[in-house]
Amino acid sequence: DDSEVFTDLTWAISNGDKEDLEACIPIPLTPCDEQAFNIQVETLNFKNGSGIRSASAKIVNNVIAINNASMDYSFHGLTTNQRFYIIGNFELDHEYLPENDWVFRLDDADIDIDAFDEICENAYDELSKPNGYSPSLTSIDAVIESLRVEAE
């Protein structure tokens, strides 16, 4: 229901502290069904609205991949008049992550869960560092902050 999406997103943008923002992601209508983790979750303003941005690793087709192919910058926002729902999605690369390794099928009985947890924890710690990205989140934030969304 779109009205529920707008209500939840409006509340999160206006009232959520960092923990609330992390809890409300993924927001309904995100491009993927589920996200493995979200880091560097922040509110972000653009010219005539605001929203929530994060860096996310996705679960797709019952597979979690912690690699450069799976990491995205996601932005979900609303214009001030609440007429427009904005989604921004950019690919992220990180020197710490491999291009296409660290792929795990969630239904694979052969996964060493301790090794998997260690990889997830190490990746999360490394990716959580404020200046860990190239391009940095700051440069993509600037693109979002420059937006003005209006009807033609």
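All residue numbers refer to positions in the sequence shown, counting from 1.
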S54 side chain to Q40 main-chain N or O, any donor-acceptor pair under 3.5 Å?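 A pair under 3.5 Å: no.
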N48 side-chain N/O to R148 backbone N/O, donor-acceptor pair under 3.5 Å: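 Flag not set: sc N48 to bb R148 has no pair under 3.5 Å.
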If you measure from [atom1] on [X] to [atom2] on [Y], what distance do you get to the nearest 0.5 Å?
X	Y	atom1	atom2	answer
S146	D141	OG	CG	11.0 Å
I144	K47	CD1	NZ	13.0 Å
L92	L137	CG	CG	6.0 Å
E145	I140	CD	CD1	12.0 Å
E150	F84	CD	CZ	8.5 Å

Taking all heavy atoms of F90 and all of V143, pick out the closest pair and write down the distance.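 Smallest heavy-atom distance, with atoms named: CZ-CG1, 4.3 Å.
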Specify the closest pair of heavy atoms between S50 and N45, including all atoms of both residues, with the distance to one decimal.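 The answer is CB-OD1, 3.0 Å.
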Can you find a pair of side-chain heavy atoms, one from [X] and one from [Y], that are under 4.5 Å apart?
X	Y	answer
F75	I86	yes
Y73	R53	yes
E42	I52	no

Can you see whether N89 engages S74 through a side-chain donor-acceptor pair at a distance of less than 3.5 angstrom?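 Indeed, the side chains of N89 and S74 share at least one donor-acceptor pair under 3.5 Å.
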